[in-house]
Amino acid sequence: MTDGMMAIAILLPLLAGLVIFLVRDYYARNVVVVVTALTLIANSILFVVKGPFTYTPTGFNWGLVIEVLDYAILIFYLYLGFTLRNWLVLIFAVTQLIPLAYFEFVMKAHVEVAPAFVVDNLAIIMCLVISIVGSLICIYALRYMYDHEQHAHVEKSRQSRFLLWLVLFLGAMNGLVFANNLVWLYFFWEVTTMCSFMLISHDKTELAIKNAARALWMNSTGGTAFIIAIIYLYVTQGGASALSMQNIIGGTLQGSILLLPVALLCYTGCTKAAQMPFQSWLLGAMVAPTPVSALLHSSTMVKAGVYLVLRLAPAYAGTYVSTAVAIVGAFTFFGTSALAISQSTGKRVLAYSTIANLGLIIACAGINTPLSIAAAILLIIFHAISKGMLFLCAGTIEHLIWSRDIEDMEGLAAKAPLTTLITALGILSMFLPPFGMLLGKWIALEAAYRIPLAAVLFVLASTMTIVFWTKWLGRLLQVLPKLGWPFEKLSLSYSVPLWTLLVGIFVVGIGVAPIYQNFVASAAHNVISGTQIFASGWDNMSLSGTSVKGLLGYFPVWALYAVFAIAVLLPLIFVGLKPTQLRPVYMCGEQSGAMDADEYMAEADTKTKVILGGYYFQDSLGEKTLNPVVNTIAILLLVIMIGCGVILK
Amino acid sequence: MMRQLILLIATIVVAPFIGGLLFGIDRRITARLQGRFGPPILQPFYDFLKLIGKERIAVSRLQFVWIYAYLVFMVGSLLCLVFQSDFLILVFLLGFAGVSLVLAGFSTKSPYSHFGANRELLQIMAYEPVLLLLAIGIYAQNGTFLISEIFNQSRPLIFSLWPLFIAVLYVLTIKMRKSPFDIATSHHAHQEIVKGVITEFSGPYYALYQLAEWYEIVLVLGIVALFWTNPLWVGILIALAAFLLELLIDNIAARMTAPWMVRLSWTVGLILGVLNIAYIYFTKGVS
Amino acid sequence: MALMLPTILRNFFGGPATRMYPVQVREPFENARGHVTFNDDKCFLCGLCATKCPSEAISIDKEKRLLTFYPARCIVCEVCALACPGDAIDMVFKWRAPFYHKPVEVHESRGKRPRTPM
Amino acid sequence: MATRTTVPFGPQHPVLPEPVQLRITYEDEKVVEVVPVIGYGQRGIEKACELNEYNKNIYLCERVCGICSYQHSESVVLATEQLWPLDIPPRTKFLRTIWAEMARTHSHLLWLGLFADAFGYESMFLQFWRIREKVLDILEQTAGHRVIQSVNVVGGVRRDIDEAQKKTVIDTLNVVRRESDDLVNVLINDYTVKSRTVGVGVMTKAQAMALGCVGPTLRGSGVSEDARLTKYSAYGELNYEPIVETAGDCYARMKVRARELFQAIDLQMEALSKLPEGEIAIKVKGGPPANETVARTEAPRGELYYYAKGNGTRHLERMKIRTPTFANLPAVLILLPGCQLADVPVNIHSLDPCISCTER
Amino acid sequence: MGLIHNSRIKSPWIMHFDNSSCNGCDIEVLACLTPLYDVERFGIVNMGNPKHADVLLITGPVNRRTARVLRNLYDQVPGPKMVIAVGTCASTGGVFHNCYNVLGGVDKVVPVDVYIPGCSVRPEAIIDGVVLALQKLASANL
Amino acid sequence: MENIIQITKNDIVNEGKKLLDAGAKFVTAVCNDLDEKLEVTYFFSANRGVDLTCLRYTVGKDEEVPSLTGTTLSTLLIENEMKELFGLKVKDLAIDYGGHLMLAHDSPTTPMLKPKKAEAESKGEI
Ligand code: SF4
Ligand code: SF4
Ligand code: SF4
Ligand code: SF4
Ligand code: SF4
Ligand code: SF4
Ligand code: SF4
Ligand code: SF4
């Protein structure tokens, strides 16, 4: 059965993708996508039921296939570098290709590792996130891409090509989280990089291609570091056993020499997780159609980066690398939260917030206590759900008002109350109690005291988080007196993923205690105590159905949900407080016209519209001002991180 | 369980009376400082009752939701304090209350509540880090965020956390909406942004806001009192002294601007907080 | 910032400066222009006040021998009082009390023209 | 990228006691564009001046503005007298000067208070107004009314200041000087006040001249100009030199007024000590002759121009009032852009706009 | 309801609107707030915002442009509300009765409860006027 | 009034500029209704504001006149006002309030003009 499960998780997406690519019929394609999505979801649940196991494929020389494909991908990069005349892409393709060739042909390295795949609790959680959130996004993409091409008047539909890469991405991600063999892991890593390139450049506009190329070379620097780490491990630790993830984190290798490759791998993780100073590729990726952003941000791609860093946590536990990782993450959390304030494009705010949250997760990994690791895993889950949903909302809004600008979302509640409501709840779930993200932040803050600098950065960053979210929320909920009613109709392909994710936020949020107990705790434990992979019984948080009680504090989950319900949901139905009369807003006595008019009398007795814009602090927090500063600091921090690996053995 | 229920109800009922009374005293003392006679001490209650009885007019049907949420979260936050729960949760709930108020301001298309909301946001930006740092400070000192633990300690927090105490004092100024920080809504009009966030709230809705403010003042003074919990009456005296100090400061300072406030908080407040925490960190080590 | 401190402390401990108006009433200054009253026994309807009044607060009906005064129009300029040849208009130092409805004072003038016309 | 915000500021706005609208466009909170919208205070006084018998104009023009009401009545009688021209007794001239400076004292105290309120210094506002009440008391005792004195008539003044009143005035002024001294000291040196006013709303000398500014607004930018230099009424016999500050910001304009406050008290003292004996009014017969003239006085807010044209009847042919604010108002066009929303009231108050007189 | 009714009388919040007055009355309204008169003794607070006001203090004659503003502001005051015309101008137009842009007193536009005569009105008279308005409110059956 | 310089309407910009360049300050302008024509007087002050200079021109009621706002913003309000209250046809204003600087929509138009006919009658009587 494990054979089948692994095959479905990794190969089905590839297969389905090819079918979709070949079957050009809209409806048939939809059926294939939906069936694949459902299968993946079911399969991921099967993993939960089955529990942790290890797996090594037999009967076919998969190693060779992967090797060949590795070269194929890298040569494809070379080709891209030439055709796009992008020297950075070219250079970093070469820097990967040459060591890889050297590793395999000159060193004649033997890279068989057993087990090839380790399916532990962390991997299962990742698989769940990838399969469920990712599949929902694929379903969403069906209608979205249709609308997208309608709006752009594309003559020859390229939807099937798009869906191919989208679906394939899920398979690669599954492979990535299960892989134990570093070389295989590297392969899946490159597949995700390539998929992301194809998806970002999908629209074939100049900007799209430019940004895709940027994503490609930035991730290729990570790939280069990955290969160097592999070679270094192989050479210093002697043989293929050093290429097993379990061995690296399990402490069976020589710790002191291990630190440099681990630091390099952390760097790789940071590139993929778009940590500063690499945030620009993820922001550039915003040109892609929204499902791509949703996928890249919630369940795949960037999550691969944090997964790697998190996975390696025990390998660098207790060293200065750990502290450096924490500071790198915390600083990214801080820097991007500040940058987000100056953004007026919805998707860019979401992007910055994603990077910020990834920074938080990486910082948690760096803090490296059981508590912080648990926080990191919780954050991965909650973030995937909320952010996936928010991107889908952004896409839906974009197709309602054909704009991504937050300022244009004013009065959306009147036009599209349902979308607004879901978006608003999504935003609330990102930064306020009682929702999961905040629970994660709470645990993170409790854990952060080990590294006070990180704690201070957390504090500042989470304050700024409040600012940009609230700004957006306020704009979204700004209502003229007449509310839209009834709810607008959304196509099934939109509404099913949205509703599912919304329900998911509440279910996972309210049920966080049992979820934590049953999965997260043991997953965190998997991470922490690398050697005893499947051990259980580790307990740092005492739990009941209603609350999470740490050693340090008390998070009354249900009570907070109750307060939330009383505060926000109750008044919506509470008739007694409703106004008896509506009067126009105060405009210094010069408002004119009907109740909901937003005009006033100005010079020469003419009507003028009142225009309200948000605060963006372009001068003090704009990208132009802040980017040079924060990027410099971030580069320094990364250098220090790797330097710690070299110097402070 | 029964005791807790009684405590819950008692808090919800008694706190606004204390808060209202404090506001009455505030207005009376302020008047005296300005050489005026001043209103009756019970004036806030008259105001409140009058507002309750006014016509319920609004500018949008959804407007009141957020002001109501503001009230509820404020009460929730206060309950955290009274039940000696987690201090971080208290701060988060207070943050949500703040956000609700901002949303209340944003929920209309009124220029002045819009400005007010943006400034309220800046205020959150100014006081939230200080409170969170206080939480970390408390953690550093006690090894837990639980307020109940503060009560278990015999050594008052103020001895080790006095720099943070100073920082908290100007959170108090911001929260009491006093000069030099009364930038978003002041208790007196004559502001460039009219009444800021609450410009559009009238009658009963404004009463809700006042009620929330009463809870808020009790809460914030309660936080000040946490600095000396054994015996508690010293803490309460400190809180009252801080309250009086605010009234003095209000009358010897002009209103400053929002950027100035954020700058001050992010420099002085943070430095105080960070130094404080660093000191404890290096003297006590990691717990 | 502390510069203001002595002043407000002085205020606080020196007691309020407030005149407790409706309870304690300060007598108006002598010569203050409060409001005008008409003495029907002295007015002989020369009409000078009505002509000179800048805000048309007085009207004269010589036939019915009525002088009508509209207090809500009076700007208390004292012009009429100074102009009146019969000394029929008095300036009262105290201000006029507010009212719910705009009053109209109708005076039946009974005065005699003084022997030495002004 | 930052989106702009365009909103009305006024006509009913808590920091503007008078109805005037500024349509301001902001970026975040920074003002980028401002369009003044006036006309809320337009009554049509100039026209009414032609309809009225000329004596009534005094009472009408006094009510062009209730704050510098005195200067308006002085100007209107000066303008009318100059049409003949009439020979005014010296005591009258001194009395007029004393009241003018008394009015300036109250007006500057009022302004300093309102200015303090513009940046939220409520206790100081109330303190200034508390002192101001003393000045109002001596105004009422000597001239008959707190606000609208109605003491000038064509040809002289209605009331005299006797010895007892003179003593009260001097005593009160001494108290006012002492108390204001404390308070002005705070105003000038307070850190918070300085940080709200220094460098805010800078207007250079050249700009101020080009915009035709007058009064403290002009003198705050370093131009020594004052209608009192034309030596109308008794100013020729008093020791007078305008007060000038050079910085051109709100702080400088504030300082000009603060110093003028004490100067006004000094001038009153000097005038009282030099008060000549004699008549206080002369008899005037008939209407002003066909002639035209300009009367210029220095109101608290700056130079007041009255242009009058007679035609031999008891009705004037034309009366034109150019008030200080009318000259100062265009300055908002250069003061406001670039400043913060929080500084808008401070900037506006530093010009001390008086809308009622601007629109007449 | 009795409690609320009593509170109304103890907490009249005012908003002062200047139609196109000469400022004479306005500064006296403002003077009422200052230490010497301190109307906060009666719970009176100057709100500057019609939405929070109970009592409108209107100064100056209505001109053609402020008529519109005044009506707008009056509409935004939540009931029960009182209007006090402060000064001769606000009562009848006073000395400006023959100006072309002046419509007359406040009652040309909104209903007036109390008139305070005087030009300018004294702070004491304003206090009297507010007291009179409150008496009306107290006897009103609301 | 001393120092009245009679000019034509087209000279006003040049003459005004000359005075301003010489360090004078614009004070105000006065419009007079001369029944058939309008008389416009611009006042400038110099020498610490003590000396006054007047530029005066007379135009027919339907003639267009140039604006000084191109040279100095200080004439902005008064020129708008004259345009509004007297119907003086000032062209090229920096900000044109379109006749609603002071007056509302329902105010009388050009209220400062004297009633021509009535005046003629009264003159006839004399
Ligand atoms: S807005 Fe969306 S649907 Fe329209 S062209 Fe762009 S991507 Fe396509
Ligand atoms: S304007 Fe906005 S919605 Fe329209 S095509 Fe461009 S990005 Fe898409
Ligand atoms: S409302 Fe304004 S004037 Fe009145 S006390 Fe408050 S700040 Fe001062
Ligand atoms: S005091 Fe003045 S306004 Fe009043 S009636 Fe006499 S003349 Fe007329
Ligand atoms: S006698 Fe006096 S009151 Fe009577 S009409 Fe003549 S002026 Fe007026
Ligand atoms: S010029 Fe100034 S003081 Fe005089 S009336 Fe106008 S505003 Fe008042
Ligand atoms: S003159 Fe005008 S600006 Fe000055 S205080 Fe009076 S109303 Fe306010
Ligand atoms: S009543 Fe008199 S003082 Fe009051 S506004 Fe009118 S003219 Fe001015």
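Residue numbers start from 1 in every chain, and the chains themselves are labelled A, B, ... in the order their sequence lines are given, proteins ahead of strands.
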To check you understand the geometry: which heavy-atom pair defines the closest contact between [X] and [Y], and what is its length?
X	Y	result
E/Cys99	D/Gly44	SG-O, 3.8 Å
E/Val95	D/Leu60	O-CD1, 3.6 Å
E/Phe96	D/Arg63	CZ-O, 3.3 Å
D/Val147	E/Gly24	CG1-CA, 3.6 Å
E/Ser20	D/Arg43	O-CD, 3.3 Å
D/His145	E/Cys119	NE2-O, 3.9 Å

Heavy-atom proximity to chain D below 4.5 Å, by part of [X]:
X	answer
E/Ser21	backbone
E/Cys89	neither
E/Asn19	backbone
E/Val69	side chain
E/Pro50	neither

Check whether any side-chain heavy atom of [X] lies under 4.5 Å from a side-chain heavy atom of [Y], and answer yes or no.
X	Y	value
E/Leu30	D/Trp129	yes
D/Arg146	E/Pro123	yes
E/Cys22	D/Ile148	yes
D/Arg130	E/Thr34	no
E/Ile27	D/Arg132	yes
D/Asn52	E/Asn98	yes

Item to check | chain E contact via D/Ile45 - which portion, at a heavy-atom distance below 4.5 Å | outcome: both
Item to check | Part of D/Glu140 lying under 4.5 Å from any heavy atom of chain E | outcome: side chain
Checklist outcome for this item: In this structure, CG of D/Leu136 is separated from CG of E/Leu36 (nearest 0.5 Å) by 9.5 Å
